[in-house]
Amino acid sequence: MKVTYYGHSCFLINLGEKSILFDPFISPNPLAANIDLNSIKTDYILISHGHEDHIADAITIAKKSNATVLSNYEIVSWIQNQGVKKAHPLNHGGKIKLEFGYVKFVNAVHSSVLPDGSYGGNPGGFIIKSDKNCFYYAGDTALTYDMKLIGELYKIDVAFLPIGDNFTMDIDDALICSNFIKCNKVIGMHYDTFKLIEINKKNAKKSFSNIGKSIDLLKIGETKTY
Ligand code: NI
Ligand code: MN
């Protein structure tokens, strides 16, 4: 699978024929000023929760790409009311079969109000399973024992984990999470965008390499194959 980083918690994943965009927050992010929103085309947009820093560009990109939005029931209803035609609601523990495999909505410990104050349902993460890959996109979350279940049920190749602290796990909790989910390859997200979530990238990489694991902190605009 091909992964392109658009800053904060936004990634475009190419799985052969189909592509998935996670949590688009590009136009309000000064660190992502080099990204042209119009250049982003995707088949699916997956939204972990309702906060502005995860949903800001979802409507624009969904309309432009004619993409299908997948999220919790409340966010999907809200986004349909904003004129997005293709959207599919999920709730925790449920999955939807798609061309490449399936997407499952899993627990996250966080909150989820929408930008206009509407109720955003409960926050989540996603397991994406195709015939070639299985990966976990955690969304915004604290470290939770629920992650152990993911390690027991799936063989996760790559995990997208928040590491910025303050609103989510920090690097040490992400390390414990990677043990819970039995995954050695992590891609960091939700760091450096704001003052409150600035990290020391060198130390972050060191804590993972110290125990024989790796964490990638992609440059904004960078594409890497996993
Ligand atoms: Ni959040
Ligand atoms: Mn966030």
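Here the structure is a predicted model, which means the values were calculated and not measured. We count ligands from 1, going down the list as the structure has it; atoms in each ligand are counted the same way.
When the shell of 6.0 Å around NZ of Lys185 is examined, it contains 12 or fewer heavy atoms from other residues, nucleotides or ligands.
At the Ni ion (ligand 1), the angle from NE2 in His49 to NE2 in His110 is 100° when rounded to 10°.
Coordination check, Asp53 versus the Ni ion (ligand 1): failed, since every N/O/S atom of the residue sits at 2.8 Å or beyond.
Taking the Ni ion (ligand 1) as reference, His51 places its N/O/S atom ND1 nearest. The atom name of the N/O/S atom in Asp140 closest to the Ni ion (ligand 1) is OD2.
If you look at Tyr136 and Phe160, their ring centroids are not closer than 6.0 Å. The ring of Phe194 has its center closer than 6.0 angstrom to the ring center of His8.
Nearest heavy atoms, Ser48 versus Asp23: OG-OD2, 2.7 Å. Here the shortest heavy-atom pairing between Asp157 and Asn133 reads OD2-CA, 3.3 Å.
Only protein N, O or S atoms were considered, and those under 2.8 Å from the Mn ion (ligand 2) are Asp53 OD2, His54 NE2, Asp140 OD2, His190 NE2.
No side-chain donor-acceptor contact under 3.5 Å links Asn122 and His92.
A cation-pi arrangement, defined by a distance under 6.0 Å to the six-membered ring centre and an angle within 45 degrees of its axis, is present between Lys95 and Tyr102.
Exactly one residue among Tyr226, Tyr6, Tyr5 makes a ring pair (Phe, Tyr, Trp, His ring centres under 6.0 Å) with Phe11. That residue is Tyr5.
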